[in-house]
Each structure stands twice: as C-alpha cells, then as structure tokens.
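Have a look at the structure below, then the notes.
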2 protein chains.
Amino acid sequence: MKLKDDKKVIQIFQAALKLVAKKGLSGITMGDISREAGIATGTVYVYFKGKDELINALFAACRENSVKVSFKGYQPQMPFKLAFKHIWLNILRYKLQNFEECVFLEQCYHSPFITTETREKALQLSAPFYELMMRGQQEQLIKSTDVGLLLTFIIGTINELVKQTHYGGITLNRSKINTSFDLCWDGLKA
Amino acid sequence: MKLKDDKKVIQIFQAALKLVAKKGLSGITMGDISREAGIATGTVYVYFKGKDELINALFAACRENSVKVSFKGYQPQMPFKLAFKHIWLNILRYKLQNFEECVFLEQCYHSPFITTETREKALQLSAPFYELMMRGQQEQLIKSTDVGLLLTFIIGTINELVKQTHYGGITLNRSKINTSFDLCWDGLKA
DNA sequence: TTTGAAAATGAATATTTATTCACTTATATT
DNA sequence: AATATAAGTGAATAAATATTCATTTTCAAA
C-alpha cells in the first residue's frame, strides 16, 4: 500500500502561493497549480476534494504559520519595548520573506472561497497579540486606548511597508527598518 | 441614431465594484456584472471590448477618483497640521464610504488583469502626496526621513483601520478616529 | 414622420477550467 | 516475492464562463 505524501501537500501549497502572488487568486487554475507543482492534475484531487478545499486549507495553514513565526523567540521576561520590537521585527521579517503567503491571505479576505468557519478560526489566532498590548498598557508604556485600534495601527504600518518594498516603491535597509519602527513606536508610546 | 449612454458605464462599474467587494475579483463573471447592472450581457460588450478592458478601465477610474477626493477642500495656506488632518480625514472618509473601490484596487494589485501601462499611470497620481509631506518637513513639523517611508506609514494605518472597520473588528466613532489620527501624527511629528 | 445608424438583447457558440475515472505505478504488509 | 491497497496519471467529460451575432429596439437627424 502506498501512503499519502506530506511533501506533495507542501508542493501543491507552494505552487499555489507562487501563482497567486504572480497572477492573483483570480488568475489561477487547478491545471496551473498541478503543472507548477510538477504533478498530474488528478493528483491534486487525491489530496483535496476540490479547489475550494485546497484554498481553505492553504488559508488556514498560512494564518497559523504567520502567528507561530511572529512570536518566535519571545520571552515574557523581556522588557516590554524590547519584546515588542522583537515581535514587530518578526512580523516584518515574516511578511517580507513570505510575501506570497501575505498576498494570498489578503486576496482571500474578499474571495468566495473562504468559508465563514475558516474565517472565524483565523480570527481567534490574534489573541496573543491582544495580550501583548495589554501588558504594555499595564506597564504604562503605551497609550491606553482600545487595543484593537493599536493593533490595527501596528499591523497597518507593517503591511504597507512590506507591500511598498515588494513593489519597488521602497528599498528597505537596516536604517529604514529602524525608522519605520520608530514611526510606529512614537505613535504608540504613552 | 442612438448614442452610447454614459450612465450605462457607471452602472456597469458600480455593479462590478459591488460584486468584487462581495465575492472578490475571482468570483465575478461578465454574466454576474450584467445582471447586477440590469442590462444584457451583450450590452457590456458595446461599452468594453472584454473583461480585461472593463477591469482596467475601472481600475483607472477608481485610482483617479481616490486622489481627487483626497485633496478636496485642501488650501495650501492652511497651517500644515490642519491641512494634513484635513487630507487624512478625506482619505479615511473616502475609503470608508467607497470601501468597494478600495477592495477592488487592492485585489487588482495582484491580478493578471491590470496591464503594466495601467499600473504606471496609477503610480504617477501619488505626486501630490509627496509634495504635501515635503512641505511638512520644510516647516520642521514632521520627521525628516524618506518621504516614501512616511507616506507608506500613513496610508498603511488608514488602510488597516478601514479594513478592520468593515470587517467588524472595530466600531469606529469620532473619538476613535481622533485617536487613530493621533497615533499617526505622534509617529510622524519631529 | 420616416429613416438609418447605432445600441440593446440574449440565445447560441467558443473557450476555458474543474472534475472525474479507467488505468498504471509504487510500496507497505504478508 | 507475491499481494493488495492506495497513490499517481492525464485524457475525457462536465461545468462554468467569455464572447459573438442575428435580431430587435431606440432615437437623433432629415
């Protein structure tokens, strides 16, 4: 008996991500994906019931990955600003290095593929970020406004920075990264 | 002789925007658009050669509109911070009230529909924003860093705020709008 | 009012794309 | 090594979608 090959799923995912970043969610077909992954079209259907299931699974995988990576190396005993910058940089690095995932996630947001269920599961993943910001407020280091507003502010600055970097509007370097962090931090600080 | 009806183009555009915001660029068909616009499928082809041309035309129209609206009521003699807040609010209001246009623009960014030509024309439209920021720097009111970085920061915060507002993550009111502006301004100020 | 040129129509057609399935291949288990 | 079971294949089929076109309707100009 032959067993399903986890590597195949990864191949399929990576092919889909690459194509979505290049052509958008509207521009990819199952044929494209299988070709890019180097397998037969039918094989994709061994791993996923259809296009919908494939897209939903990839969406879930990307969301989980993004959260996991963001908190990598975070130690609660770090001083807040240091911890915050650590995570801020993690997120930035993740988004720069996994731009395809980010594009995919953004495109999915307004697509008929993603089910309400998948969407809700994704939302629950932001809990750790809320906790982090509340810690900063307790230590009176950052403004004591609606945490949702603060997170929106933070994520917004990073997202746009990544987008502009990838489209050549900005050439990022160490100094610009620090400047961008300072823009964000100066906005947040109490 | 019957003449082409400008209102039809607007009907088609609005139908397309509504559908893209609801289902994403990947979820719309020419049939959907014509039905939503209340006209026959063939009629769409009287106004546009095909789907590609329709999407490109809509993209260009949305970009132009967004810039025009952003600078509405801007008087160069206004004190900088006031002028800046005026425009900041214009952009926010525009994006909130024309969410469908924003979604459409975002989705187009990574789609096979938009041609390089359309893309380049869109880029040129950001010139007035650069000038505004340079004025603020000359008056030593905002940080003297790369203007592209500052604009990215500003637009990012607004974009994410709008997105979260529309997806129920945030319920915006006057106070939250001011808080968000302050986050942005405190980040920018020299 | 008549006319004709162009818009509007939507069923028919062409094209693209998702999905299936009869078949082949690979490999765990015996 | 033999067997069985599931993966892998890709051409064939089904389904969805874009586009065309013969026909009808509209309306500006004569």
Side-chain angles (χ1 to χ4, degrees), chain A residues 1-59 61 104 107-108 110-115 118, chain B residues 1-59 61 104 107-108 110-115 118:
Chain A
M1 182 179 89
K2 197 178 176 183
L3 294 173
K4 279 191 192 177
D5 180 2
D6 278 357
K7 284 179 195 163
K8 284 265 157 59
V9 173
I10 294 173
Q11 275 176 52
I12 294 168
F13 278 176
Q14 286 187 332
L17 286 175
K18 182 171 175 183
L19 291 170
V20 171
K22 192 156 63 183
K23 307 174 126 208
L25 205 48
S26 36
I28 57 164
T29 69
M30 293 298 263
D32 289 340
I33 294 171
S34 62
R35 198 174 315 113
E36 178 72 35
I39 59 179
T41 312
T43 309
V44 179
Y45 287 85
V46 172
Y47 290 86
F48 302 99
K49 273 186 190 158
K51 195 176 180 179
D52 282 29
E53 193 178 291
L54 164 52
I55 303 279
N56 272 278
L58 181 53
F59 179 82
F104 176 75
Q107 294 258 321
C108 280
H110 307 276
S111 92
F113 293 111
I114 302 305
T115 64
T118 307
Chain B
M1 180 177 93
K2 197 176 178 186
L3 296 173
K4 278 191 191 177
D5 181 2
D6 278 356
K7 284 179 196 164
K8 284 263 159 61
V9 173
I10 294 173
Q11 275 177 52
I12 293 168
F13 278 176
Q14 286 187 332
L17 286 175
K18 183 171 175 182
L19 291 170
V20 170
K22 193 155 64 182
K23 308 172 125 208
L25 206 48
S26 35
I28 57 166
T29 69
M30 292 299 262
D32 288 341
I33 294 171
S34 63
R35 198 175 314 112
E36 178 74 34
I39 59 179
T41 313
T43 310
V44 178
Y45 287 85
V46 172
Y47 291 86
F48 301 99
K49 273 186 191 158
K51 198 177 181 181
D52 281 28
E53 192 178 291
L54 164 53
I55 304 277
N56 272 278
L58 181 53
F59 180 82
F104 175 74
Q107 294 258 319
C108 281
H110 308 275
S111 92
F113 293 112
I114 303 305
T115 63
T118 308

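Atom set for the values below is all heavy atoms of this structure, side chains included, hydrogens, waters and symmetry mates excluded. In what follows, every chain begins at residue 1, and chains take the letters A, B, ... in the order their sequences are listed.
- In this structure, OH of B:Y45 is placed 11 Å from C1' of C:dT15, rounded to the nearest angstrom.
- Here D:dA7 is the nucleotide among D:dA7, C:dT19, D:dT19 with the atom lying nearest to any side-chain atom of A:V46.
- Sorted by residue number, the members of residues 47-57 of chain B with any non-hydrogen atom under 4.0 Å from DNA chain D read B:G50, B:K51.
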Polar-atom pairs under 3.5 Å, protein N or O versus N or O of nucleotides 11-14 of chain D: list them with distances, or write none.
none

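- For B:E36 and D:dT17, the CD to P distance is 16 Å, given to the nearest whole Å.
- If you take CZ of B:R35 and P of D:dA16, they are 13 Å apart, rounded to a whole angstrom.
- In this structure, A:N56 contributes its side chain and A:T118 its backbone to no donor-acceptor pair below 3.5 Å.
- The CD1 atom of B:I33 sits 12 Å away from the P atom of D:dT17 (whole-angstrom rounding).
- In this structure, CD1 of B:I28 is placed 16 Å from C1' of C:dT16, rounded to the nearest angstrom.
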Q.
Set out, in order, the CA-CA distance, both residues' side-chain angles and the distance that settles side chain to side chain contact (heavy atoms under 4.5 Å, CB included) for B:C108 and B:F113, then state yes or no.
A. CA-CA 7 Å; B:C108 281; B:F113 293 112; 6.0 Å; no
Q) For A:F59 and A:F13, what are the C-alpha separation, side-chain angles and deciding distance, and is it a ring pair (Phe, Tyr, Trp, His ring centres under 6.0 Å)? A) CA-CA 10 Å; A:F59 179 82; A:F13 278 176; over 10 Å; no
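- Rounded to a whole Å, the CD1 atom of A:I39 is 15 Å from the P atom of C:dT19.
- Contact of the A:D52 side chain with the A:T115 side chain is not registered, since no non-hydrogen atoms from C-beta on lie closer than 4.5 Å.
- Taking atom NZ on B:K8 and atom C1' on D:dT26, their separation rounds to 10 Å, with Å as the unit.
- Looking at B:Q107, its side chain does come within 3.5 Å of a backbone N or O of A:Q107 through a donor-acceptor pair.
- Annotation: side chain of A:T43 is not in contact with side chain of A:S34 (no heavy-atom distance under 4.5 Å).
- Within the 4.5 Å cutoff, the side chain of A:V44 has heavy atoms near those of the A:L54 side chain.
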Listing time: all N or O pairs from protein to nucleotides 27-30 of chain D that are below 3.5 Å?
from: D:dC27; atom 1: O2; to: B:M1; atom 2: N; distance (Å): 3.1
from: D:dA28; atom 1: O4'; to: B:M1; atom 2: O; distance (Å): 3.0
from: D:dA28; atom 1: N3; to: B:M1; atom 2: N; distance (Å): 3.1

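- The side-chain heavy atoms of B:I12 and B:V9, taken from C-beta on, include no pair separated by under 4.5 Å.
- Under the 4.5 Å side-chain criterion, counting only non-hydrogen atoms from C-beta, A:L25 is in contact with A:I55.
- Of the two residues contacting DNA chain D, namely A:K4 and B:S26, the nearest-nucleotide position lying further toward the 5' end is that of A:K4.
- Applying side chain to side chain contact (heavy atoms under 4.5 Å, CB included) to A:I10 and the options A:K8, A:K7, A:Q14 leaves one that passes, A:Q14.
- As judged by a 4.0 angstrom heavy-atom cut-off over every strand, A:T29 is placed among residues touching the sugar-phosphate backbone only.
- Side-chain contact check for B:K23 versus A:H110: every heavy-atom pair is 4.5 Å or farther apart.
- Rounded to whole Å, atom C1' of C:dA8 lies 16 Å from atom CG of B:D6.
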